[in-house]
Amino acid sequence: MPELPEVETVRRGLAPAMEGARVEKLEQRRPDLRFPFPERFSARLEGRTIRSLRRRAKYLLFELDDDAVLIAHLGMSGSFQVETGNGADTPGDFHHARSTLASHDHVIFHVDGPMGRARIIYNDPRRFGFMLMTRRDELDDHPTLRGLGPEPTGNTLSAEVLAERFAAKSAPLKAALLDQRIIAGLGNIYVCEALWRAGLSPRRRAATLVTAGGRPLLRLEKLVQSIRGVIADAIDAGGSSLRDHRQTDGTLGYFQHRFDVYDREGDRCRREDCGGTIRRIVQSGRSTFFCPACQR
DNA sequence: CCTTGAACCTGGGCGC
DNA sequence: TGCGCCCAGGTTCAAG
């Protein structure tokens with residue numbers, strides 16, 4: 001489920017094993033994911049130390065000690081698994097270790113770092129994920145990152161910013177919030193959830209939040225709070241699943257989470273005293289779940 | 001510029 | 001049991 005909270009959960013899971021770790025070997029098991037891997041991919045990583053692991057929107061950024069940066073995106077089905085060493089100096093002897101690699105294990109980072117030797121396995125059945133490399137000083141201008149909107153977790157997102165970005169938008173709120181240039185990191189699930197919390201219809205035109213009567217900034221402020229809340233709660237949930245057990249099989253990035261509206265077609269609305277029924281509609285080719293009774 | 005829809009790819013679930 | 005269809009967390013490209 002790689003929307004922003006899942007990517008952040010993955011980042012937090014990878015950091016202890018990877019930050020400060022040296023890449024001893026990079027195993028690349030096919031020539032491409034969504035795009036071909038970078039030129040001399042393994043050569044550019046092997047021998048390097050990972051200075052820090054950051055996130056921007058749904059992208060993971062591995063900053064290397066030679067100022068190169070690996071940009072990774074999980075697409076729809078990408079996941080990482082960490083196999084940490086058990087202290088013994090036996091190659092291949094790892095906790096949570098798979099006896100053999102699975103068919104969609106495409107990249108394996110063999111690292112030596114704060115947690116000792118570890119294997120970090122990238123698995124991605126659909127291969128919508130990708131890995132790119134750039135230089136640190138070119139990161140902000142990189143085509144994949146340039147033009148991304150503000151992080152919902154930071155302090156750059158505000159009612160004023162949304163007002164400005166929604167003003168000329170004839171698109172429905174659902175599409176506007178999915179647009180990474182307006183806000184970065186939301187995906188299909190959390191847009192549905194945020195709109196439900198805010199009591200706003202996904203079909204409503206974005207600009208009407210700004211132009212309609214009343215107090216536009218008040219409505220937008222409520223939307224901003226809903227977005228922040230949904231994202232924060234999901235990160236907390238991911239964080240707790242990491243703390244608890246990671247996941248029985250060690251896979252990062254997936255955790256059980258019950259949503260208020262997503263995938264609840266036909267259920268009673270969970271809002272107090274609402275009594276509506278959750279509906280599923282299709283907007284720009286993707287499922288939207290919402291309550292027609294309390295989302296206006 | 002803006003908006004929509006198809007494409008990319010595999011696997012799971014459902015109806016027949 | 002098997003086949004065909006629909007659906008799935010995202011992004012990008014082409015066409016209107």
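Just so we're on the same page: letters track the sequence lines, and every chain starts at 1.
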Task: Side-chain donor/acceptor of A:R12 to backbone N/O of A:L14, under 3.5 Å - done: no

Task: Any A:H104 side-chain N or O less than 4.0 Å from OP1/OP2 of B:dT10 - done: no

TODO: Look at the side-chain N and O atoms of A:S77 and state whether any lies under 4.0 Å from the OP1 or OP2 oxygen of B:dC9.
DONE: no

- [ ] Using both distances under 3.5 Å as the test, list the Watson-Crick or G-U wobble partner of C:dG10, or none.
- [x] B:dC8

Task: N/O donor-acceptor pair under 3.5 Å between A:R296 side chain and A:P292 backbone - done: yes

Task: Euclidean distance, atom CG of residue A:L178 to atom P of B:dC2 [Å, nearest integer] - done: 17 Å

Open item on the list: I'd like to check A:P172 versus A:P202 (side-chain heavy atoms, cut-off strictly below 4.5 Å). Are they in contact?
Closed with: no

Task: Contact nearer the 5' end of DNA chain B, comparing A:S284 with A:R181 - done: A:R181

- [ ] Mind calculating the distance between CZ (A:F130) and P (B:dC9) to the nearest angstrom?
- [x] 15 Å

Task: OP1 or OP2 of C:dA8 under 4.0 Å from side-chain N/O of A:R286 - done: no

- [ ] Kindly point out which of C:dT11, B:dC9, C:dA8 is positioned nearest to the side chain of A:Q180?
- [x] C:dT11

Open item on the list: I'd like to check, for A:F128, whether its ring lies over the base of C:dT11 with centroids under 5.5 Å apart and a plane angle smaller than 30°.
Closed with: no

Task: Common cluster, A:V69/A:M133, ILVMFWY with side-chain heavy-atom separation under 4.5 Å - done: no

- [ ] Specify the separation, in whole Å, of atom CG of A:N188 and atom P of C:dA8.
- [x] 8 Å

Open item on the list: Any base atoms under 4.0 Å from A:G75, or only sugar-phosphate, or nothing? Heavy atoms, all strands.
Closed with: sugar-phosphate

- [ ] Would you tell me if any nitrogen or oxygen in the side chain of A:K58 comes within less than 4.0 Å of OP1 or OP2 on C:dT11?
- [x] yes

TODO: Measure the distance from CG on A:L173 to P on B:dT3 and round it to the nearest whole Å.
DONE: 12 Å

TODO: Among the candidates C:dA8, C:dG10, C:dT12, find the nucleotide nearest to the side-chain atoms of A:Y59.
DONE: C:dT12

Task: Nucleotide of C:dG10, C:dA8, B:dC2 approaching A:S170 most closely (side-chain heavy atoms) - done: B:dC2

TODO: Rounded to the nearest angstrom, tell me the gap between atom CG in A:L74 and atom P in B:dC8.
DONE: 22 Å

- [ ] Looking only at side-chain atoms of A:R126, point me to the closest of C:dG10, B:dT3, B:dC9.
- [x] B:dC9

- [ ] Specify the separation, in whole Å, of atom CE of A:M76 and atom C1' of B:dT10.
- [x] 11 Å

Open item on the list: In whole Å, I'd like the distance from the NZ atom of A:K174 to the P atom of B:dG5.
Closed with: 13 Å

Task: Whole-Å P distance, B:dC9 and C:dC3 - done: 23 Å

Task: Separation of A:F109 CZ from A:Q28 CD (nearest 0.5 Å) - done: 10.0 Å

Task: Rounded distance (nearest 0.5 Å) linking atom CD1 of A:I189 with atom CZ of A:F289 - done: 9.5 Å

TODO: Measure distances between side-chain N and O atoms of A:R34 and base N and O atoms of C:dT12, and say whether any donor-acceptor pair falls under 3.5 Å.
DONE: no

Open item on the list: From CZ of A:R127 over to P of C:dT12, roughly how many Å is that when rounded to an integer?
Closed with: 18 Å

